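For reference, the structure discussed in these notes is given below.
From a predicted model like this one, the values you see are computed outputs, not experimental measurements. Lettering of chains follows the sequences in order, A, B, ..., and the numbering in each one begins at 1.
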Amino acid sequence: MLDIQLLRTNLDNVAERLATRGFKLDCAAFQALESERKTLQTRTQELQAARNSLSKQIGMLKGKGEDASAVMAQVAAHKDELEANELRLGELLKAFDAFLAMIPNLPHDSVPSGKSEADNVETKRWGTPRSYDFAVKDHVDLGEALGQLDFATAVKIAGARFSLMKGPLARLHRALAQFMLDTHIDQHGYTEVYAPYLVNAASLFGTGQLPKFEEDLFKLLRDDAEPLYLIPTAEVPVTNIVRDEILAPEALPMKMVCHTPCFRSEAGSYGRDTRGMIRQHQFDKVELVQIVAAEESLEAHEELTRHAEIILEKLELPYRRVTLCTGDMGFSSAKTYDLEVWLPAQNTYREISSCSNFESFQARRMQARYRNEKNKPELVHTINGSGLAVGRTLVAIMENFQNADGSITVPAVLRPYLGGLEKIQVV
RNA sequence: GGAGAGGUGGCAGAGUGGUCGAAUGUACCUGACUCGAAAUCAGGCGUACUGCAAGGUACCGUGGGUUCGAAUCCCACCCUCUCCGCCA
């Protein structure tokens, strides 16, 4: 959520910056709401002040046993106007909230402007894609030939966009998550977190998934209780740890890592990535979250992105870093780096991690603050990124480390997690 | 599933219709004392909106209602806790 003061004082500038990300701010609607609010709020508060002081007089008169009917008549004279004003003001303030809740974050100045994915800027490339002296297979063909990846059975059990893994491949998947967690905990200084996979609407509002993106979520309706949602990412429960908190300055920075399954309905993505494990309703992800003081967030964002890159490097997976342009960024983000891993079967780089700095956007929605040097509550900045998406990492390993006979070489750093296994083959 | 209790400021905890935005304690900040600290004493200390300022307004789980006036009364909802049952 943006600071409403910024809209009041710099509306045109805000509108311009939002336009770069393809959002058309309805300035006229805002100004109409704002001018009505200002006069209405002033008048309402005058009436309330008068009522409060007259009511106080009534209390004093009655306390002394005197007649208060004259004063009561005075209050009654403005009763209808006050009630009408309060009603209208309530509606206006609600309209403001709804208006603000739908406005995306402002892009950081360093973000390249652009309309779509095509305008993203590649800023780094690591590793050289291997060359193969045989026809490469994709992970679906590889996994099914190994008898360890089975989409047909997953469809029977649950439906489209689910997968079933068995044997060493399932173990490799688990090993990946363990390896990522261990690296971030032992080498990057993160605290491991285990968090709920079901969250309430307030948490999803806090991180920006609600109200705008409800159709992307799996929702569980309950009798006699609020609905719960399956988390689309660990970002939601972990970032919301600090919702409605005023943190002591020494509590920052908070660096947390959390491995969870993620659930996305993928509504509106029919026909995209329907083959294989790239786009699933359920996938595992190791998520990095940092809660930092405002002036630290730019640097923390770089650091966190680097932590995700190191996983790819340890796994010997070629990747590139892309700075998302203004038009391609997520709703809540001020700046996003995507890490894209090389997939030989697709002969292209595909997103495997997305690292974003939200600045105070989520913090304002969450009311997450810390006490600054002046002991005043100030909004924290939030940063998160995948470190990494486990399912897609598995896909990348299968495709990049495949051999002519259809076996898959296990990257050296993962072997200790697989009892020393060097190669995944038919069992 | 059954029964009960409760939601008040950073925390603890008073407050059952009228100077209550809220006692008190604690934490925190400032000052005094001290070589320094502790202890003690004095003062300050919620959030947001609005105003140049003085000040004003709102907020005691959420939303309604009663009233001249609601933290306090009524209704609905949400959440938490305790006991019993069931259960990984």
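- Salt-bridge annotation for A:Arg350 and A:Asp273: present, with a side-chain N of the basic residue lying under 4.0 Å from a carboxylate O of the acidic one.
- Comparing B:rC78, B:rC68, B:rC49 against the side chain of A:Glu226 picks out B:rC78 as the nearest.
- Note on A:Gln41: only backbone sugar-phosphate atoms sit closer than 4.0 angstrom, heavy atoms only; bases stay farther off.
- Nucleotide B:rU40 forms a Watson-Crick or G-U wobble pair with B:rA32, both donor-acceptor distances falling under 3.5 Å.
- Ranking B:rU50, B:rC68, B:rU57 by closeness to the A:Gln5 side chain, first place goes to B:rU50.
- For the pair A:Arg365 and A:Phe205, the cation-pi criterion (under 6.0 Å, within 45° of the ring axis) is fulfilled.
- Picking from B:rU50, B:rG56, B:rA58 the nucleotide with the shortest atom distance to the side chain of A:Ala49 gives B:rG56.
- Taking atom C1' on both nucleotides, B:rA12 is separated from B:rC78 by 25 Å, rounded to a whole Å.
- If you check the side chains of A:Gln362 and A:Thr239, you find no donor sitting under 3.5 Å from an acceptor.
- The partner of B:rU67 cannot be assigned: no Watson-Crick or G-U wobble pair with both contacts below 3.5 Å exists in any strand.
- Taking the six-membered ring for Trp and thresholds of 30 and 60 degrees, A:His184 and A:His188 have ring planes inclined between 30 and 60 degrees apart.
- Note on A:Arg43: every side-chain N or O is 4.0 Å or more away from OP1 and OP2 of B:rU50.
- In this model, the phosphate group of B:rG51 is approached by a side-chain N or O of A:Lys38 to a distance below 4.0 Å at OP1 or OP2.
- Separation of the C1' atoms belonging to B:rG15 and B:rG25 is 15 Å when rounded to the nearest angstrom.
- Set against B:rU47, B:rC49, B:rC68, the side chain of A:Arg369 has B:rU47 as its closest nucleotide.
- In this structure, A:Ala68 reaches neither bases nor backbone, as no heavy-atom distance under 4.0 Å exists between it and the strands shown.
- For A:Asn52, counting side-chain heavy atoms from C-beta on, the closest listed nucleotide (B:rU57, B:rG21, B:rG51) is B:rU57.
- Between A:Arg51 and the phosphate of B:rU67, there is no side-chain N or O to OP1/OP2 separation shorter than 4.0 Å.
- The six-membered or imidazole ring of A:Phe361 lies near that of A:Phe331, with a centre-to-centre distance under 6.0 Å.
- Looking at the side chain of A:Ala225, the nearest of the listed nucleotides B:rG21, B:rU57, B:rC79 is B:rC79.
- Nucleotide B:rC60 forms a pair with no other nucleotide shown, judged by Watson-Crick or G-U wobble geometry with both contacts under 3.5 Å.
- A:Lys79 has a side-chain polar atom (N or O) that falls below the 4.0 Å cut-off from OP1 or OP2 of B:rC68.
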